[in-house]
Every structure is written in C-alpha cells, then in structure tokens.
Amino acid sequence: MALGITALLVLIVYPLAAVVIQAEFPHLFAPQSPNARFDPAALIRVFRTPTDYRMLGDSVALSLGAAVFASVAGGALAVVLGRTDLPGRAVFAGLAWVNLLIPSFLLAEGWTFLLQQGGLLSHFLTEPGWMQNVFTTPWGVGAILALKFYPFAYLTVSAALPWLGGEHEAVARTLGASTTAVWRRVFIPLLLPFLASAATIVFADVLSDFGVAITVAESHQFPLLTYGIYSSLYNQPTDYAGAGALALLLGVAVATALLAQLLILRKNRFATIHAGFRPPAPARLRPQVRYPLLLAVILFFAVALGAPAGSILVESFLKGSAYGIITVQPTLANFASLAGPTAHTAVLSLGYSLRLALVTATAALALGTLLAYFGTQGKGGTGQFLQAISLWTISVPGIILAAGYVFAWNQRWLSSIGLELYGTVFALGLCYLAGGLPYVLRFQMGALSQLDRRMMSAARVQGAGVGAVLTRIVTPILAEGAVSLWLFVLAGTTFELPASEFLYPPGQPTLAVEINHFFSESSYGQGMALAIATAAVLITAVLILRLLMRRRLPAAVRAQAPARTF
Amino acid sequence: MGEALQVHGLCKRFGSVVVADHVSFEVPGGGYCAVLGPSGSGKTSLFNMVAGLIHPDHGSIRLGHREFDGPRGHLPPERRGIGLCFQDYALWPHMPVKEQVAFGMRLRRRPAAEIAAATRRWLELLRIEALAERYPHELSGGQKQRVAIARALAVQPSLLLLDEPFSNLDAPLREILRDELGALYSALGLTVLHVTHDRQEAMGVADRVLVLAGGRLCQEGPPHELYRNPANAEVATLLGPANLVPGHAENGLFGANGLRMRAAGAQPHGPALLFFRPESCSLVSGPAELNIFQARVERTAWHETGWRHRLKVGDHEVVALTRTPAEAGAKVWVHVPAEACRLLPSGGASVAALSAAG
Amino acid sequence: MPSGLLRRVAMVAAGAVILVGAAACGGSTAAPAAAAAPAAAAKGQLVIYAAEGYDQAMADAFQKQTGIQVKLSDMSTGPLVAKVQAEGSNPQWDVAWFDGDGTMATLDAQGLLLKGWEPANAANYSSLGKQLVPQDQSYAPTGITAAAAIAYNAKLVPADQAPQTWTDLLKPEFKDAVGMNNPAISGPTFPVVAGFLYGMGMTQGEGFFTQLKANGLKIFATNKPTLAALSNGSIKVAFVQDSAEIDAIKSGSPLKIVYPSDGVTMLPSAIGISAHAPDLAAAKQFLDFALSDAGQKIMLSSGGGDSHFEPIINGQSPNADSQRPGVKWNMVPASWQAQHYDEIQSWFKANIVGG
C-alpha cells in the first residue's frame, strides 16, 4: 500500500504540486536566482479579479449543466437499451462506445467544421445561422460537451441495471405501484448513486475540457476556467503562478463536487453483487411506443455522434477544406498521401503512439486495479484520498500535468543522481500513465466496492495471497469491464495531445502531435485522414476484443459483472 | 486430523464498540464447537479473527503448535491452512463447480492428475459429482452449500470455520445436511468452529457450545448442560424457550407474587430470577403448595409435541408445554419439579424483555 | 507483517512491469536511432523546438548536410514557450524557432538566450534584416511576414471599393463585415494589436479598435474560422497574418490581399539559441544554416503556409505566391511589446472581445 501511494505521489501529486506551488512561491523554479520566497500574488489576483471568479462560476455552472444533461441522457439511453426490446440495441451500444473513444480535440474540430461560417452546414443549408447561434451559446457548448461525455453515465447505469432486480419491481407492484411509480420510487433512487458518480466524472471532465469549449464557442462571451489556464500558459510571458492558482481553484471546485457525491452516496448504501443472480427480462414495447422511441434514439446518435464524426469523415475526403471552400468532389488524396513518402513520420507516429498506449494503458490498468483494491479494502480514508486525487487529476487540463512533469523531472539534482527522465519516452509514458490512472482508479474502485468481499476472503483462506486474489478472483470477475476500461484508456492515450506536445522526445512525434501538425499547416484533410485511419484501427480492436470476450466468458459472468462505476 | 484451537485473552474493538472482551476458550482437536450469540454479540468478529481476516488488538490464537495471532504478529489468512464456509457461500461466479473445488489445490501447485482425482473424490463425498461443470447461478441453495463445503475441505484444513452455513436453507434440507455433514466432519476428524445465532443449528451438531454476548464469553459447555444449567438469563433464552420470573430468594426458597418454589443448583440470596423450561411443567390438580402454583390460561395451542399454554401467574407470564389440554380462561395448577428449576442472577429490565421473548 | 510484505512485493512487481514495458516500447523505437548513434556522438546532437511549417524539412536537410543528429520537437508557439520556460535553467533544447520577436525578447529578459554571438552568415542580412537584429544579439530573425494584412472577399467587394487603408475598415459599407482573430488565443494576433497601439499611440490605437467594434467587428478564435467566414461571405473583410491569407488563396478561396498604404506590422520569425545549450556548437552551426542560401531555399519552398514569408537575406526572393508589391513595413520594438503585453491583452479582452 505504502508503495502504491508512493507511486501515486510520484506520478501525479508531485508534478501537479510543482505547478500549484508556484501560485504561492512563484520564484521556486525561476531560471535566474530561484528562491522560495512566499508571494501569493497570483492567488490573491484570482480572488480579487471579478473576471476570474466569474470564470470559475461560469465553468462550474457549465460543468454542472453538462453533468446533469449527460447523466440524464446517458441514464435514459442505458434504460432504453438495457431494459427494452428496442431493435438494434447492440448497434446503439457500440455507437455509445465509439462516442467515448473519439478524443476531444477531434470532436471539437468536427463540430467546428460543421458549424463554422463556411462550414459543412452552411454549404448545404441556406440559413444555418440559427443553428450556429444555438451552438455557440453556453447552452450549446454545454450540450456538445454533454454529448461527448454521456457515455460515462450510459456505461455506469447500464452496468447497474441488471441487478435492479425483478424482485424489487415485483414487491413494488404488489404494493400497488405502476411502472412509472416503480421507476420513480424504486429504481431511480437505487440508480441515484451511480448517476451521481457518473455526473461527478462528467463534471470533472467538462471542467478540464478545452478543445470543445474554445473551438466551438468562438464568440467567447463566457470565458471558462480552462481558457484562463490556457491563456496563462500560452501567452507570453508564461504565467505558471497564475495557472497554478487556477488549478488550485479547480481543485476546490472538484472537492466540492466530490463532497456532494459522497453525501449522496452516504444516504444510499446498497447491496453488493452476489453469485447466482438472474437479470430480469427486457420489457416488450408496444408499437406506438417502440417506433417513436427508436426514432428518438436514432436522432440522439445522429446529433451526438453522427454530426461531429460525420463531419470529420467528410473532411477527410475533401481537399482544401481549411478555409471554408468546400468542393463537393470526394477525393482519396488525403488517405493516399498517408501512404506517400512525405507522410512517413505520420505513419511512424501512429505505430509509436499505439505501442506506447498499449504499454501505458496496460500499466495503468494493473497499477490502478491494485491501488483500487487496497483503496476498497481498508477503511474509508485511503479510498477517499484516491477518489479526490483522481477527480482532481481529471479536472486539471492535461497541459498542467505535463508542465508539472517538466518542473518535477527536469531538475539538475535529478540529473546528478543519474535520473534523466525528461526528454525521454519514460517521462511521456509516465505522464500518460498518470493521465489514465484516475479513470482506472475510479472505475475499478466502483466495481470493487460492489464485489462481495467474502468472495475474496474465501479465496485468501483457501491459500491465495493478494496477488492470487487479484489475478484469479478479481480480474476474471471484473474482466469485461476491465477490457472496456483498458480500451478507453488505450484510445485516450493514443490520441492524447496536450501532454504529448509538451513531453514527446524530440524527434519522435506522437500521433496527436502529427495530426495537430497537419492542422496547423492547414492540411485538415490529411490530419482527419490520419485520425480516421487510427480510429479504424482502434474500433477494429474494440470489435475483435468484444467478440473474444463473448466467446471466452460464460454468459453468467457477463450478466453478473459488477456495475462499472466511473 | 484436526488440531486443537486455543484462543486466549482475545480483545478487539471498533471505535467504541467492543466486539471481543478477553475471550478465551479451547476446542480440542477433532472437536465440534458452536459459537452461539445474538447479532452484535461479536461472533462474526471472532470468526474473522480466527480466519485472519481481521486482527485482534490483544490476545492470541493458536492452532496446534502454530501461532495465528500473538506477540509475534499475525499470520495472513492464506497461510493458516483453514477451511471456511460463509453464510451465503461466496462462491466465485466465474468458476464452474469443479474449479471452485480445485482452486486451493491449484494454489498449492499439486500435480494436475492429483487435483483431478481429489476434486472428483470431494465431489463424490458431498454427492455433487453431477454438478461438476455447473456455474454457481445454476445451483440451488443446498447444492451451493455442498460446493462451498467441498471447496473448504479440498485443501485438507485442520480447522473448519462455518458461518451460519444452514441459515439460507429450508428446514428439512437443513436437518439432512446437518446430520450428513456432521458425520462427515467427525469421520474426517476435523476441528470445527461453527458460528451461528440459531440454537438448533448449534445444538444439533456441536459437542461444545460457547455463548457470546456483548463480546464476552458467557458460558461454555456441552449443549445439554447449557440447556439445563444456563449461567444467566441470556444463555437460558439463547438455548431455548425459557420462563424467567423475577422474585426474591432466601434460604433455598424462591418467592414471587403467587409462586413459592424450590430450585436445584446454586442458592443465591436476594433478588433472583426463577428459570424453568416450558416442557418441565405439568398440570396437576391443586391446591397450590411448594413448586405448584395456580395460573390462568390466557391462550392455548398445539405445539409439535404437546399443548402450549400461555399462563398468567399474578402479573407474570409463564409458558407451559404439557400433554394435558386446558381451556382458555380456565384456572389450572402447574407443577415444576425442583430439579428442573434454577435460580439465576437478576438482570433487570433486559431480562424482562428476554423473558417475554422466550 | 507478512501481508504487508506481500503487498509491497506486488507493488514493486507492478512498478517493474511499467518500467520494463516502457523500456521495451522505448527500446523498439529507439533502435534505429541507436544504430546511428556512434556517428552522431562524434558529430553532436541538436535539439530544436520549433513552430514553423518548414522545421522538419530544415532539420532533415541540416542532418544530411552536417551529419549532426537533429531531434526536432514541432509544436505550436504557445506550448513551445511554456516548455522553454518550464525547463528554465536546465534546458534540454539548443535552438528555439518561432514567429514573434516580442516573445524572443521576453525569453531574453529572463536570461534564457545566448547573447553576443554573431553568426557568420549575419553578413547576408539585407538592410531590413540588419535593423531587426537586437542589440544584444540574443536572437536572429530568419524572415518576416505581415502580422496582418487586409484580405477581402473578391466576390462581394469589387476591387475599386476594396479598403486601401486601415481606417477604410470603419466605413459604413463594412459594418458588421470585418473580422479578426482573438489575440488572447491566436499568437500572431498580439503583434497586430500592439502594432496599432504603438504606431498610433495608445489612446488613438485604442480608439481605432473601439470604433472598429462600434462598426460591428467580429472576433474569431484563430485564422481558420476567420478565413472560413471570409471565404464563405459571412464577412467581407478580415485582417490576419498574410501568410495564412496567401495559403487560403492557394487553396481556392476567392480572396484578394491589400497591403494598406499606412503600412503593416511586421512579424519576424526568429531563432534563439539556449543560454545553456547542451550542444552549443551544433546550435550555432544550425543558425548559420538557416541564414544560408541553402537553408533559405528550403524555408521558401517546403513549409506550407509558413513558406509565404518575405526573406531578409540578400539575394533571396519570396516564392511566387507571396509577392507583396508596395508593402510598407511598420516595426514594433520587441521590448515595447514585451513591456506592454499584459496591459494590452487585458484592455483588449475587457473592451473589444467582451462586453
């Protein structure tokens, strides 16, 4: 345990602290005469500047709104797909997954290409103005972000659904409850902790999301906290003290959210998963409900996934779409160029990023599961510490963590003891690991806290040590969820941009760096083509793995895999 | 062959709640010991401490010559070499029956052929050989119980820990399994520690019973001994239906409103509780004299082997189980022989509550 | 405590998995580099942080010519400068290369740049080039673009009605039809704003933007949406970095560029050498290469939009797409930009973008 916490400190806390501490000690890492003089000017500035706390207020409001919207949308989708006989459920479930795997910066690009003046929409519609206006309001941006993060709620609720057992419903029915009353009074309260957990992670993710908010909300009528961090870091001179102060503010916002979640969870401590449980059969929909519902689900995916992913796809087949000149003349040139000699580095970067992501996602899963195991075994303290750290890491934009890695690992005293991490693949890999770990921690802690502890005790008494319990009992039971989780981290890492841009070893660009390079050269088509090629590789991997899982795992285990709670 | 379990001076508290207060006892090798206690008595904590799932604050636990907990620290559960069966069995949902049974042997790296043979033997012994390929969700309660026992026994433990193993089963099945498994354990010479709140579960199989209340060991002994000679009102009630009448004892005579009784055993002076079992009562023709009292029949019903009368003596309620019927509302005379009566220390308000429950 | 020990062993094992895994990963990709290492070790190794379209081509050409192994980190200017500052006094880079001499001056003020060294090829500078070299020689300009030139949609605005001066943008016919980038997001846009405030004087410069705003100025995030809006006709006029405007025309946008008679603010791209460069010799060699004929030819031909710059080296001429007839260059001293950065940014944010 002690070593696990040490790993967490080294991977996450130390680098983050290296930035945050500059809000109080701005000269700690100064290139000339660094010193530990206490000077909380940046911190004071944050609290004195009305725009800064308006920024915080707007960010929190937007994140809250998006979190609620995402939870409602994801939860409703999970119920519809999980408890009814709606046609095409498997396809929709897969689409929700695809939604989760598309990285934020690509999604932002897709929405921009669709909505911007001279974008796809204005090419096909004569009066697209109202739509553009809707999507550049806070409501629109909130909706777009919610449509990105709803899969968290969807996955959490769909995993919880099977054990909202038939017996609960039967009892409620005998007491005279109608279907709606059963949902309102029994199922929704039972789902509340799961929704709260999903909402918390959406909240943190929206807080840290920069890509969508900045690209879509061109008018900047409502500056967000991440935008403040961005301008502190990317404007000259780089203001790490200011960024650190804002990151601290994010920490406070997240702590509040976590507290709220804890309060909701405290009131609702529910049963754990037991062996031998039978999930209820899906409800049969009447035709007059079935088809409108199907239409609604299709519409939902058309907006959530079809719109941004479609426009990415379209852009990859267009030439010179950068400046709003859309020639409707499909071309394969962008894809062909990836095979050309000039794009050699791009293709290399794809392989490089995939390999790196494979290693770090696997490591994140292993380390995160181990930490989650200890976090759920002991008393509440460790678990809550892990939860808080995870959520804070998720809510802080990746660029802060990456910058923290530079401060933390590019120190002369480290070089003098032979520890030269920065500038190597290790620093990048460890930062990826630090980025993926919080998701694994949250997910696995949720899953593990639902496992009947006695299953693990029984194994220990049988002679299994911690390692054997983890590999032989916990891993197989959590396998399906863990594979999904692994894929999520894998995809996120493959496309990771802010940390990569900061930490990639010179001369070895990662995939996202290459895609971004295409974008900055206005070769959007080529960038999108590279992204789509990667997405194709990942989606194929998802499909194959899911198929394999279905083959390998008995149906019983799948039905009983505990709730995947992010 | 089972080894002797020795527990000495065991203490454990969670915050302000004391779950073990200097608990000491010994189960001889091959002995079957039931730990009986109401919920909250600390029996589950005792179970977990012996299993190594939680650590005692003080005291020692030894099995044979091996120290589980003590001055030299705590042995982790996986190195105690014990078998364990939980109330809801805690079968692993991802393993078929034969894998559950083979699990412990695999961890011990036995040769594959040996594991297969041993697994088959255990499945046969517990009569579940036909279920080898099934998953837990495909099993009935009794079948799960058998799998859990087979899994626990397959590692050839010298101590078997059972946590209310029969509570999820229906009554007939419970008796069948109790007899069958009891015979199996003694044939294997296992030392068994069986934790339960159910007196029938405890008394049906155990050769010794420990009664726990509030983390303290109240009494221990053979079941019949505890049944007849409970040390206090808690033990009396835990082991069976009990009549407990508060009153006053002096010079070997117990007196309460409407009762004058002589009792066997200890002869305290001062406030005391008169204890006797309902089946010790018989209806006689009056008049009231020593060990015969008059009562009014409140309700009466057939109960398994006789008539169960709820009686009112003065302002006390007494239950009698007799072969003689009686009419509700009638006046009857009840005889309880002195050798069936005991005088217990007076326990105040809680005793009155316990007495009514009995 | 045996169980504690087990946990620790498990933790160490997990850590080992990570490190071994990362090593395997790093190892597999580092293999070709390692093969080239002996030669590189003799010749040196150059680490370049750059935000220029032609940086990869320049890195390749330099490595080929000198045998020095070049490791390039290509990124946007924002992260580049943040990274340089985070590395502080323990820099891993030898050469930084990006647009904006104001930013270079900021790095110089923090003591991060090598001062007082003059490359041999500095002799090749044109007279304009020589003016751009700072007194302490802490960085070297490699080319210039206009931080902003006026571009108009030729389908909507006839040539004779096109704006010819900056103040023409205030005319009623361009009401609600002028666009620019947000200087807080788009790096090259700060010098544009600074240029007006420096050239006109603070008060008048601010007045100009206030009037622009009153005339319905539209603010977009970066070049892409601004030029898209212009190409698409939702605005008629925009002013962004001219190399991007040229690139848009090349990709088929119906735009025409005007270099206003009152001049355009020049945006030099510049190379700085780290004050603590791990390989100082290689860094100096690279700077000379960038100012050489061979280097300039590569920069002018293989950098996408960034190749549309105006050379400041004698004997070089801009590529065919980026002719700037009659351009009048206005200079904003880098040090002035650095000094007024915060003030201008917050004024612009409060008065032009917001409210």
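Quick note: numbers below take in every heavy atom, side chains included, and nothing from hydrogens, waters or symmetry partners.
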Can you tell which part of [X] gets under 4.5 Å to a heavy atom of chain A, answering side chain, backbone, both or neither?
| X | value |
| --- | --- |
| C:Gln337 | neither |
| C:Phe190 | neither |
| C:Ala51 | neither |
| C:Asp55 | side chain |

**Message:** Quick one, C:Trp93 and A:Pro506 - any side-chain contact, counting heavy atoms below 4.5 Å?
**Reply:**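 Answer no - side chains too far apart.
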**Prompt:** Can you find a pair of side-chain heavy atoms, one from A:Leu11 and one from A:Leu430, that are under 4.5 Å apart?
**Reply:**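 The answer is yes; the side chains approach within 4.5 Å.
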**Message:** Using the side-chain contact (heavy atoms from CB on, under 4.5 Å) definition, which of the options C:Val70, C:Leu46, C:Ile68 pairs with C:Gln63?
**Reply:** C:Val70
Below 4.5 Å from any heavy atom of chain C, which atoms of [X] appear? Answer side chain, backbone, both or neither.
| X | answer |
| --- | --- |
| A:Asn410 | both |
| A:Tyr504 | both |
| A:Gln22 | neither |
| A:Leu503 | backbone |

**Asked** Strictly by modelled atom types, are C:Glu245 and C:Asn223 linked by a side-chain donor-acceptor pair under 3.5 Å?
**Response**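 Distance-only check fails for C:Glu245 and C:Asn223.
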**Message:** Side chains of C:Ser274 and C:Asp94: any donor to acceptor distance under 3.5 Å?
**Reply:**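 Checked: C:Asp94/C:Ser274 side chains show no N/O donor-acceptor pair below 3.5 Å.
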**Request:** Examine A:Tyr405 together with A:Phe502 and report whether their ring centres are nearer than 6.0 Å.
**Result:**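 A:Tyr405 vs A:Phe502: aromatic centres not under 6.0 Å.
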Determine the option with the most heavy-atom pairs under 4.5 angstrom with chain A, choosing from [options].
| options | answer |
| --- | --- |
| C:Gly88, C:Pro79, C:Ser89 | C:Pro79 |
| C:Met75, C:Lys250, C:Gln85 | C:Gln85 |
| C:Ser76, C:Pro91, C:Gly305 | C:Ser76 |

**Asked** Okay, side chain of C:Gln92, backbone of C:Asn90: is any donor-acceptor separation there less than 3.5 Å?
**Response** yes
**Message:** Strictly distance-based, threshold 3.5 Å: is any side-chain N or O of C:Asp279 a donor or acceptor partner for the main-chain N or O of C:Ala282?
**Reply:** yes
